[in-house]
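So the structure is just underneath, and the comments pick up after that.
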Amino acid sequence: MKPGFLFALALALTSSAVLAQSGPAKNAGDYPSRPLRFITGFLPGGVSDVIARTVAEKLGERLGQRIVVDGRPGAGGVLSMEIAANANPDGHTLYLGQPVITISRLFKNKPAFDPILAFAPVTLLGTGPTMMTVHPSTPANSVRELIAYAKTRPGGLNFGSSGAGTTNHFSGELFRVMAGIPLIHIPYKGAALNSLAAIQGEIQIAFLPLAAAIPQVKAGKLKALAVTGAKRATAVPDVPTIAETLPGYRVEAWYGMLVPAKTPRAVIARLNRETNAILATQEVKTVLLNRGIEVEGSTPEALARLIREDAVRWEKLVKEGGLKLE
């Protein structure tokens, strides 16, 4: 990737974040004036839904208004992005941002708008690594042994994900590129089908969210080899990271609160302050940790930087890994 392009991208994203927050600096004293809605792009019961409902309940108490979680699944999260991006930028519409914001731009059929420029960051809510699992009969008990095993298989190994373009998918592709081994991606519609395929032996490796992987590992149906985060996960501290074998490897799903671009800066500042306050409570930390999410909290600028880095990282992987995202 050309250095000039990366600089231009970073400049554009930085400018967007500033402009998105530079609307009229209205007094946030009368905000919010009515119930809010928190838009998500995935089905009820999943990790995204749990995050949104937990944050909505506690944040609503602090703001003195009800926050309704509005799940809009469809098109891999793109539908929800469109709805949130086109909402009135008055702070009464929140959006649960995830890597689909940076990854959807890389698909052949990408959104008609730039998801990054369409939103203003409020705060990072948390991050969640993926777990690399294999069938118990697989003759590998570590990342190093799995790499060696893959090199003995002329046709390579099959790995499953929750769908093309997900962080589970990119976890496997980055592993393939960095380890220099033949891996074939098999996309499934969700973590449940992905884990079932590994349990039944349809695939040798399944990259799964922690919440989906841990029960199967505890039941002995799958074997945990590693997690994809930069550090070991609090929920499974005995499971090493892939980076302990392949330095520099890192894949984490991030969850952030965003609002439509041009939302007033004073409103963003209040949302940031109140949301970070609830994230610091033990109650919220416990609920999200039980779903495999490491609670974070951040400034709007820090979330904007994370999104910029995410965009550059995945564009590089798609190019160097020869990925075709339809």
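We count residues from 1, following the sequence as given.
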Ionic contact status for Arg291 with Asp49, cut-off 4.0 Å: no

Could you check whether any side-chain N or O of [X] sits under 3.5 Å from a backbone N or O of [Y], counting only pairs where one atom can act as donor and the other as acceptor?
| X | Y | answer |
| --- | --- | --- |
| Gln216 | Leu222 | no |
| Lys223 | Thr138 | yes |
| His92 | Ser33 | yes |
| Asn194 | Phe207 | yes |
| Glu294 | Thr234 | yes |
| Tyr188 | Gly160 | no |

Atom pair [atom1] ([X]) and [atom2] ([Y]), whose distance is rounded to the nearest 0.5 Å:
| X | Y | atom1 | atom2 | result |
| --- | --- | --- | --- | --- |
| Glu309 | Arg305 | CD | CZ | 6.5 Å |
| Asn88 | Thr263 | CG | OG1 | 8.0 Å |
| Leu306 | Ser298 | CG | OG | 8.0 Å |
| Leu146 | Asn141 | CG | CG | 10.0 Å |
| Leu210 | Thr130 | CG | OG1 | 7.5 Å |
| Leu174 | Lys316 | CG | NZ | 9.5 Å |

Check against side chain to side chain contact (heavy atoms under 4.5 Å, CB included), Val55 and Phe38: CA-CA 9 Å; Val55 172; Phe38 198 175; 4.1 Å; yes

Modelled atom types, side-chain donor and acceptor of Ser161 and His185, under 3.5 Å: yes

Donor on one side chain, acceptor on other, Asn276 and Thr123, under 3.5 Å: yes

Residues in side-chain hydrogen bond (donor to acceptor under 3.5 Å, both in side chains) contact with Asp70, at least two apart in sequence or another chain: Arg37, Arg72

Linking I/L/V/M/F/W/Y whenever any side-chain heavy atoms sit under 4.5 Å apart, do [X] and [Y] land together?
| X | Y | answer |
| --- | --- | --- |
| Ile214 | Val239 | yes |
| Ile268 | Met257 | yes |
| Ile307 | Trp314 | no |
| Phe175 | Leu225 | yes |
| Val122 | Ile293 | yes |

Residues forming a side-chain contact (heavy atoms from CB on, under 4.5 Å) with Lys58, sequence neighbours excluded: Glu61, Ile278, Glu283, Val284

Looking at every non-hydrogen atom in both residues, tell me the closest pair between [X] and [Y] and how far apart they are.
| X | Y | result |
| --- | --- | --- |
| Met81 | Pro115 | SD-CB, 3.7 Å |
| Ala212 | Ala191 | CB-CB, 3.8 Å |
| Pro99 | Ala253 | CG-CA, 4.1 Å |
| Ala311 | Arg105 | CB-NH1, 4.0 Å |
| Ser48 | Phe42 | OG-CD1, 3.8 Å |
| Pro121 | Ala304 | CG-CB, 3.7 Å |

Do the side chains of [Y] and [X] get nearer than 4.5 Å, heavy atoms only?
| X | Y | answer |
| --- | --- | --- |
| Val295 | Leu289 | no |
| Thr228 | Arg250 | no |
| Tyr255 | Glu296 | no |
| Val259 | Phe119 | no |
| Leu317 | Glu173 | yes |
| Ile184 | Leu157 | no |
| Glu315 | Leu106 | yes |
| Lys221 | Leu196 | no |

Arg62 CZ: over 12 foreign heavy atoms closer than 6.0 Å: yes

Side-chain donor-acceptor pairs under 3.5 Å in residues 241-249, sequence neighbours left out?
{"unit_1": "Thr241", "atom_1": "OG1", "unit_2": "Ala243", "atom_2": "N", "d": "3.4"}
{"unit_1": "Thr241", "atom_1": "OG1", "unit_2": "Glu244", "atom_2": "N", "d": "3.2"}
{"unit_1": "Thr241", "atom_1": "OG1", "unit_2": "Glu244", "atom_2": "OE2", "d": "3.4"}
{"unit_1": "Glu244", "atom_1": "OE1", "unit_2": "Arg232", "atom_2": "NH2", "d": "3.1"}
{"unit_1": "Glu244", "atom_1": "OE2", "unit_2": "Arg232", "atom_2": "NE", "d": "3.0"}
{"unit_1": "Glu244", "atom_1": "OE2", "unit_2": "Thr241", "atom_2": "N", "d": "3.1"}
{"unit_1": "Tyr249", "atom_1": "OH", "unit_2": "Ser171", "atom_2": "O", "d": "2.6"}

Step-by-step side chain to side chain contact (heavy atoms under 4.5 Å, CB included) determination, Val267 to Asp90: CA-CA 8 Å; Val267 170; Asp90 62 359; over 6 Å; no

Candidate pair Leu125 and Trp254, rule side chain to side chain contact (heavy atoms under 4.5 Å, CB included), full reasoning: CA-CA 8 Å; Leu125 301 175; Trp254 56 268; over 6 Å; no

Derivation of the salt bridge (Lys or Arg N to Asp or Glu O under 4.0 Å) call for Arg270 and Glu274: CA-CA 6 Å; Arg270 181 165 184 208; Glu274 303 292 4; 3.6 Å; yes

Worked check of side chain to side chain contact (heavy atoms under 4.5 Å, CB included) between Asp238 and Val236: CA-CA 6 Å; Asp238 293 333; Val236 283; over 6 Å; no

